[in-house]
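Here the structure is a predicted model, which means the values were calculated and not measured. Index from 1, following the sequence. Atom set for the values below is all heavy atoms of this structure, side chains included, hydrogens, waters and symmetry mates excluded.
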Amino acid sequence: MTDTDTRIQPKKTGLTRRQKRRLSRAAQYAVFVAAVIAFAVTADWGRLQNQFAQAHIARQLFPDLITVALKNTVLYTLSGFVVGLALGMVIALMRLSSVGPYRWLAGIYIEIFRGLPALLIFIFVGVGVPLAFPSIQYPGGTYGKVAVALGLVSAAYMAETIRAGIQAVPKGQTEAARSLGFSPARAMISIILPQAFRIILPPLTNELVLLFKDSSLVLFLGVTLEERELSKFGNDLASSTANSTPILVAGLCYLLITVPLSLVVRRMESKALKEIR
């Protein structure tokens, strides 16, 4: 037996990949817990409560918080979503058209309205259009202005979402419909669009969540007391009471709407992934 055969092999002392992952995860949890403890210890909870959590001020917000502010926020959002969906559908079909000018116009619209801040669009709708066209009156007054402004904001994003959904439908569906005697328009309406909307329902619902937050820009249109939405309502009450409790309560009302919708979006996305697998 040679010296090589009898040589003792050194033992490996390094951590395995699994042990390294556990150690890294433990370190991340430790940092998170330390940050939470540091925040809880250093924060002045008394001053925060005095400024943001006054129960007697919060009680003064009701019932107008629900019957006026929350109601208007929902109405503004839904009307803007309907306008945006209808306009987005038209732009998406123009984007897919075989006619060159239609494609160019749709592309220009999408690039402009996706690039502009929503605030500028609200100012354009509320101030620019009435100055340029004094004879034009929005139906519904402020509600009509908000529907148009939010619709213009969301239509550019919805158009791209709808276009992607249409292109995700297999081309064989169109060919099968045409072989059965369907016209191109009827095939699109009866066969392609229903399948496309099934695909794009989660991102469209996510766009609805974003519109709820964008509705806060209504305050730049100059609304009356009965037309105020949550942000304007909370800001006005915070100014009159010299306290930020109304703003916090208004923010919680936004969460009452957006959190359930976000959960719905996640469930739809997980369901879609299961169907694909």
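- I200 and G165 make their closest contact through CG2-CA, 3.5 Å (heavy atoms, listed as atom of the first residue, atom of the second, distance).
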Let me have the donor-acceptor pairs involving side chains of residues 201-208, under 3.5 Å, with sequence neighbours excluded, atom names and distances please.
{"residue": "T205", "atom": "OG1", "partner": "L201", "partner atom": "O", "Å": "2.8"}

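- The two residues P246 and G234 come nearest to each other via the heavy atoms CB-O, 3.5 Å.
- Look at R95 and E160 and you find a salt bridge, because one of the NZ, NE, NH1 or NH2 atoms lies within 4.0 Å of a carboxylate O, short of that distance.
- With a 6.0 Å radius and a threshold of 12 heavy atoms from other residues, nucleotides or ligands, Y102 has its OH atom at or below the threshold.
- A distance of 11.5 Å separates CE of M89 from OG1 of T161, quoted to the nearest 0.5 Å.
- No donor-acceptor pair under 3.5 Å is formed between the side chain of N243 and the backbone N or O of A238.
- A continuous path of hydrophobic side-chain contacts links L78 to V223 [ILVMFWY only; heavy atoms under 4.5 Å].
- Residues S154 and G80 approach most closely at OG-O, 3.8 Å, considering heavy atoms.
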Walk me through it: do L65 and Q60 pass the test side-chain contact (heavy atoms from CB on, under 4.5 Å)? CA-CA 9 Å; L65 178 69; Q60 297 175 15; over 6 Å; no
Apply side-chain contact (heavy atoms from CB on, under 4.5 Å) to the pair V68 and E227, showing each step before the final yes or no. CA-CA 7 Å; V68 176; E227 294 171 342; over 6 Å; no
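- At a threshold of 4.5 Å between non-hydrogen side-chain atoms, the residues L96 and Q167 count as touching.
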Listing, residues 258-265 side-chain donor-acceptor contacts under 3.5 Å, not counting sequence neighbours, or none:
{"residue": "T258", "atom": "OG1", "partner": "Y254", "partner atom": "O", "Å": "3.0"}
{"residue": "S262", "atom": "OG", "partner": "T258", "partner atom": "O", "Å": "2.9"}

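- Taking Ile, Leu, Val, Met, Phe, Trp and Tyr as members and joining any whose side-chain heavy atoms lie under 4.5 Å apart, directly or through other members, W104 forms no hydrophobic cluster with any other residue.
- Shortest non-hydrogen contact noted between R228 and L225 is NE-O, 3.1 Å.
- Between the side chain of S97 and the backbone N or O of L93, no donor-acceptor pair lies under 3.5 Å.
- No donor-acceptor pair under 3.5 Å is formed between the side chain of Q173 and the backbone N or O of V169.
- V99 and M94 fall within a single hydrophobic cluster, where Ile, Leu, Val, Met, Phe, Trp and Tyr are joined by side-chain heavy atoms under 4.5 Å apart, directly or via other members.
- With hydrogens and angles disregarded, no donor-acceptor distance shorter than 3.5 Å links the side chain of R114 to the backbone of E111.
- Side-chain heavy-atom separations under 4.5 angstrom define the hydrophobic clusters, and the remaining members of the one that includes Y138 are L87, I91, I108, Y109, I110, I112, F113, L116, L120, I121, F124, V125, V129, F133, I136, V148, L152, V153.
- The ring-ring contact (aromatic ring centres under 6.0 Å, His included) analysis of residues 52-76, with sequence neighbours excluded, yields the pairs Y76-Y143.
- Of the possible polar contacts, one joining the N50 side chain to the G46 backbone as a donor-acceptor pair under 3.5 Å is found.
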Name each donor-acceptor pair under 3.5 Å that joins a side chain in residues 209-221 to protein atoms two or more places apart or in another chain, with its distance.
{"residue": "S215", "atom": "OG", "partner": "F212", "partner atom": "O", "Å": "2.5"}
{"residue": "S216", "atom": "OG", "partner": "K213", "partner atom": "O", "Å": "2.8"}

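- Remark: side-chain polar atoms of S24 are not paired, donor with acceptor, to backbone N or O of K20 under 3.5 angstrom.
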Full working for side-chain contact (heavy atoms from CB on, under 4.5 Å) between E229 and V146: CA-CA 11 Å; E229 42 71 53; V146 176; over 6 Å; no
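- Side-chain contact between Q19 and R22: absent, with no pair of heavy atoms (C-beta onward) separated by less than 4.5 Å.
- In the hydrophobic clustering of ILVMFWY residues, with side-chain heavy atoms under 4.5 Å counting as a link, I192 and M158 come out together.
- With hydrophobic clusters built from ILVMFWY side chains whose heavy atoms lie under 4.5 angstrom apart, L119 shares a cluster with V127.
- Under a hydrophobic clustering in which Ile, Leu, Val, Met, Phe, Trp and Tyr are joined whenever their side-chain heavy atoms come within less than 4.5 Å, directly or via other members, I162 and I199 fall into the same cluster.
- Between the OG atom of S183 and the CD1 atom of I189 there is a distance of 7.5 Å, given to the nearest 0.5 Å.
- I247 contributes atom CD1, which lies 8.5 Å from atom OG1 of T241 (distance to the nearest 0.5 angstrom).
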